[in-house]
Amino acid sequence: MAKIQTPHAVRGTQDIVDEAQNSFAHVVETFERVSKVYGFAPVQVPIIEQTSVFARSLGESTDVVSKEMYTFEDRGGDSITLRPEFTAGISRAFLTNGWQQYAPMKLSAHGPLFRYERPQKGRYRQFHQIDAEIIGAAEPLADIELLIMADQLLKELGIDDGVILNLNTLGDADSRDAWREALITYFQDHKDHLSKDSLDRLERNPLRILDSKDEGDKKLCQSAPIIDDYLTNEAQEFFGQVTQGLDAAHVRWTRNTRLVRGLDYYRHTAFEFITDRLGAQGTVLGGGRYDGLIENLGGNPTPAVGWAAGIERLAMLIDAPENSGPDAVLIPLGDRATETAIAILSDLRRHNIVTDMAYKGNMKKRMQKANAKNAKLVIIMGDDELDRGEVAIKNLISGEQQSCKIDAIVDFVKKS
RNA sequence: GCGAUCGUAGCUCAGUUGGUUAGAGCGCCGGUUUGUGGUACCGGAGGUCGGGGGUUCGAGACCCCUCGAUCGCCCCA
């Protein structure tokens, strides 16, 4: 009989347990706590959306839409896409639920996202992000608030060391267009010195030449036109207020005139918190103002700003607090003891005391299990103890053992 | 999508110019101690060497394909 071939995990997916799960959960918990402090409302949006949600927001023909989305036809013949990002889905929800009435809305979300990419360390096909958005606020205060929150989050996760906020402005639509034209002209004039990749970018996405990794390109970019020369007064004023706000809150930042966003709906503030510790995947948290997006989805012009961060990457950078073992582990010996143990176990758990039971193997095995689980106490019960209406409680840290009346166990454990 | 490195037990790895039954440490299971952990000692299980094909008298080692991981590029919503 042929042995059944065990199916393998899908490429770019991961099974997260133990320390990795610990770090993962710590990132999420910290995010939930901090975003609540800043007044963000948690929101759940679907993992699947109509493909048009992402196709319209990103532009039908971009690489990301044509090559990197998980898109399929469902049984009803609709084109469905596994969400590759949060922003478009949240924007769709904003429109279809009439959330305009609550604007400005501060929303936070986290969960799995899917992109068909070549996996690398910290880069998966199913990956997870935390996400924060403020929709319906045109004021720089929204940008500032979001950035200060991001800064606090990273500090609370203990990864601000080696991480620096890179900040840029793309200006308003007019500034951005003028700058873009100037860049195209500049690079056209220096075409001979551009790398092959960047010649391609010149056609498709000229702003992206600015963050090319090619040495020749980098040199060329140093004297390329910068946005500052094309900013309208309003745009300049806006950026000034953002930086002033950051300074007022003592958030460290650095100006990076080559930080860009590829899509046209991005305006004004663009930012990335970048670390020097993750190789090519240096960006730990990134975002910007996307005033043009909601219109792309058929809504009225609505200003919005947001950021997202990969949970896996953050988790790799933090020292997660070790998860503590159970307060107590029960070791019943014999059938009668097991029955009593079930009663005690449920009683302790109903008092929200973290408790487990070791019911397999001999005494030694069970002690080992309790020890391996990092338990503080073991509660040993055999016929001898039960005859006296007692159990033996051993403290695994101090090693001392004493007896305890059965009806006093909860108090005993609570006090330990 | 492109280039490179790698893939031997659950984990980390060793395996000599291709040569008999593929090894270690940790972990796991059992025992020394049939009611007492963290230490020690003893024993055991676990591998069609990622998968498929080829070269060879002989392949874990060499060649091709494939899958996967890692690093860089591309992309980065």
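Sequence lines set the chain letters: A, B, ... in the order given, protein chains first and strands last, and positions in each chain run from 1.
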*Now, which nucleotide makes the Watson-Crick or G-U wobble pair with A24(B), with each of the two distances under 3.5 Å?*
U12(B)
*Write down the partner of G3(B) under the Watson-Crick or G-U wobble criteria, each distance required to be under 3.5 Å.*
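Check on G3(B): paired to C71(B), both distances under 3.5 Å.
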*What is the per-nucleotide protein-contact pattern of nucleotides 25-41 of chain B, from the 5' end, where B denotes a base atom under 4.0 Å from a protein heavy atom, S denotes such proximity for sugar-phosphate atoms only, and - denotes neither?*
----SSSB--BBBB-B-
*If you draw the axis of the six-membered ring of Y116(A), does the NZ or CZ of R125(A) fall within 45° of it and under 6.0 Å from the ring centre?*
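Flagged: R125(A) positioned over aromatic ring of Y116(A).
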*Assert yes or no for the condition that the ring centre distance of F239(A) to H268(A) is strictly below 6.0 Å.*
no
*Quick one: Y265(A) OH to C76(B) C1', roughly how many Å, whole number?*
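Interatomic distance, OH of Y265(A) to C1' of C76(B): 11 Å.
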Side-chain donor-acceptor pair present, [X], [Y], cut-off under 3.5 Å:
X: D174(A); Y: T232(A); result: no
X: K219(A); Y: Q222(A); result: no
X: D143(A); Y: T269(A); result: yes

What does [X] touch in the nucleic acid at a heavy-atom separation under 4.0 angstrom: a base, only the sugar-phosphate, or nothing?
X: R115(A); result: base
X: R83(A); result: nothing
X: R204(A); result: sugar-phosphate

_Apply side chain to side chain donor-acceptor pair (under 3.5 Å) to residues S79(A) and E73(A) and explain how you reach the verdict._
CA-CA 5 Å; S79(A) 181; E73(A) 199 173 281; over 6 Å; no
*asked:* Quiz question: going by heavy-atom distance under 3.5 Å, is there a donor-acceptor pair between the base of A69(B) and the side chain of Q120(A)?
replied: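 Checked by distance alone, the answer is no.
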